[in-house]
*Asks:* 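Have a look at this one before I ask anything.
Counting starts at 1 for both ligands and their atoms, following the listed order.
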Amino acid sequence: MPEIPLLNVVDLVKRFPLGGGILTKPRAWIQAVDHVSFSVSRGESFGLVGESGCGKTTLGRLILRLLEPTSGSIELDGDNIFTLSRTDMQSVRRRMQIIFQDPYSSLDPRMKVEAIVTEPLRAIPGQSRARRREVATDLLEKVGLRSADLEKYPHEFSGGQRQRIGIARALCVRPELVVADEPVSALDVSIQAQVINLFEDLKAEFKLSYIFISHDLSVVEHICDRIAVMYFGKIVELASTADFSITPRHPYTETLLQAVPIPDPHHKSEPFPMEGDVPNPIDPPAGCAFHPRCPYVFDRCRVERPSLLEASPHHFTACWLNQGRGIEGGTT
Ligand code: SF4
């Protein structure tokens, strides 16, 4: 029997109303997540990449049930989390934790580090103050801080140190899955590498699975086993990191890869000929949502939306270039 994935996202949709009120209908709907499906295995690091506004952060919040979906399901170990009672959801929340982008606003400035790190533990009965302090001391050391830091306030730390506190807080309930939402994008480049290395070390030590959300492909490539690229609420490419970097199949992925800096002073990168603006979410384009910006666009792209299909083993893409030119080329 095939192993049940730790997380299974099935045909997930999230729409937000625009305008309207209690007695009036919304003026329009914005489709933030559009029929997204993927799974994450135990011990896997899964990357979600895309430009700001592509729906990746909404997807991360749906996975933690910080938002309710319009339709679709998310299964943790086979159980649909959207059908769980409030009590059952509490234990699920302990199994899934989030690390936020901004290490400045995500920590309460009035709380000492000990209270911040042990906050999730206080919801669990039978955890004495001494036990909570012991856990916090151990976690601070594991994330590279000192036990004396328990008595300090967030403003006494640098950005990188604050993110380490956020990581310690996420780990204090021993989660199985951590959703890290742009966890290094607010940090200096030199600090980013340290924090990414910390994520890798902690993954092995705590037997974690990650969903790593980022606009920066180089960050996700470094830490993830598989990567999904999102555009306009949909996954447009999904593959192993190795396959993805060597043979990107979606034109949008090509643009993301070209934006990754190459640490070679002799390397000259060619600008990708992408034109047009990000589509208006209130008035999405017909056909492939990327077609107004795609240099390879042809007739079929403007009228039919490609589905995410397996173009080569375990490499999925939503692009007519990989699925047949249809109307114009005569093949499918
Ligand atoms: Fe470009 Fe067409 Fe592929 Fe969309 S379907 S990415 S417009 S080639």
*Asks:* Provide the full list of side chain to side chain donor-acceptor pair (under 3.5 Å) pairs with a residue in residues 165-178, sequence neighbours left out, each pair given once.
*Replies:*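 Listed by first then second residue: Arg95-Glu176.
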
*Asks:* Got a donor-acceptor contact below 3.5 angstrom from the Asp181 side chain to the Gly60 backbone?
*Replies:* no

*Asks:* Contact between Met96 and Leu7 at the side-chain level, heavy atoms closer than 4.5 Å - yes or no?
*Replies:*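 Met96 reaches Leu7 side chain to side chain.
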
*Asks:* Looking at every non-hydrogen atom in both residues, tell me the closest pair between Arg94 and Val173 and how far apart they are.
*Replies:* O-CG2, 3.6 Å

*Asks:* For the pair Arg65 (side chain) and Leu84 (backbone), establish whether a donor and an acceptor sit closer than 3.5 Å, ignoring hydrogens and angles.
*Replies:* yes

*Asks:* Which residue in the set Val40, Val179, Val178, Asp225 passes side-chain contact (heavy atoms from CB on, under 4.5 Å) when paired with Tyr210?
*Replies:* Val178

*Asks:* Any atoms of ligand 1 less than 4.0 Å from a non-hydrogen atom of His250? List them with their elements.
*Replies:*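 Ligand 1 atoms under the 4.0 Å threshold to His250: 6 (S).
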
*Asks:* Give me the number of protein N, O or S atoms whose distance to atom 2 (Fe) of ligand 1 is under 2.8 Å.
*Replies:* 1

